[in-house]
Amino acid sequence: MSTLSAEQATELGDQFSKMGDEIRDYYLGNFDALSHEERDTMSKQMMEMWSMSSSMYTLSAVLVLDDLETSLQQIRGIEAEIGTTLKNLANVQKAIDITGAAVALAAALLSKDPKAIGTSMEGLAGKIADAKTA
């Protein structure tokens with residue numbers, strides 16, 4: 001079995017949360033028809049599903065941090081490119097685009113959202129590449 005990525009753990013967390021929501025909806029929609037034991041069982045199952053969702057989100061954050069060394073090296077390279085690109089850039093809008101993308105990357109890293117980190121890194125690299133061709 002292959003290892004779980006941070007992105008996959010986040011997706012599983014989302015799915016477990018939705019399953020917990022579905023259990024809750026059934027529970028509430030059928031509350032009067034359920035016996036006390038059935039209510040107790042379903043309530044515990046609903047809480048357990050949400051707990052597993054939370055655990056998956058925590059695992060995702062841990063996996064993001066594990067991948068941080070690779071990301072850190074990429075960020076070092078991007079940081080060097082930003083400095084060089086901004087020093088030679090006459091187009092103010094492109095400078096604003098680059099700095100905005102850098103802020104978005106920092107926010108994504110702080111949020112520990114693997115999807116946002118990947119998207120932000122690609123976006124920043126794209127803005128730098130675009131500025132170099134201008």
Does [X] reach the main-chain N or O of [Y] with its side chain, forming a donor-acceptor pair under 3.5 Å?
X: Asn91; Y: Lys94; result: yes
X: Thr85; Y: Ile128; result: no
X: Ser120; Y: Ala116; result: yes

Are [Y] and [X] connected in a single hydrophobic cluster, I mean Ile/Leu/Val/Met/Phe/Trp/Tyr linked by side-chain heavy atoms less than 4.5 Å apart?
X: Ile98; Y: Ile96; value: no
X: Val103; Y: Leu86; value: no
X: Leu4; Y: Met52; value: yes

Nearest 0.5 angstrom please: [X] [atom1] to [Y] [atom2], how far?
X: Ser53; Y: Glu48; atom1: OG; atom2: CD; value: 11.5 Å
X: Asp130; Y: Asp97; atom1: CG; atom2: CG; value: 8.0 Å
X: Lys127; Y: Glu122; atom1: NZ; atom2: CD; value: 13.0 Å
X: Met47; Y: Ser54; atom1: CE; atom2: OG; value: 10.5 Å
X: His36; Y: Ser43; atom1: NE2; atom2: OG; value: 10.0 Å
X: Asn88; Y: Lys132; atom1: CG; atom2: NZ; value: 10.0 Å

_Check this for me: Glu81, atom CD, are more than 12 non-hydrogen atoms of other residues, nucleotides or ligands nearer than 6.0 Å?_
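Yes, enclosed.
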Side-chain donor-acceptor pairs under 3.5 Å in residues 14-27, sequence neighbours left out?
residue	atom	partner	partner atom	Å
Asp14	OD1	Tyr57	OH	2.5
Asp21	OD1	Trp50	NE1	3.2

*Heavy atoms, side chains only, cut-off 4.5 Å: are Thr41 and Leu34 in contact?*
no
*Answer whether the closest heavy-atom distance between the side chains of Leu124 and Ile82 falls below 4.5 Å.*
yes
_Within the 3.5 Å criterion, strictly below it, is a donor on Ser5 or Gln8 matched to an acceptor on the partner's side chain?_
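Per modelled atom types, Ser5 and Gln8 side chains form a pair under 3.5 Å.
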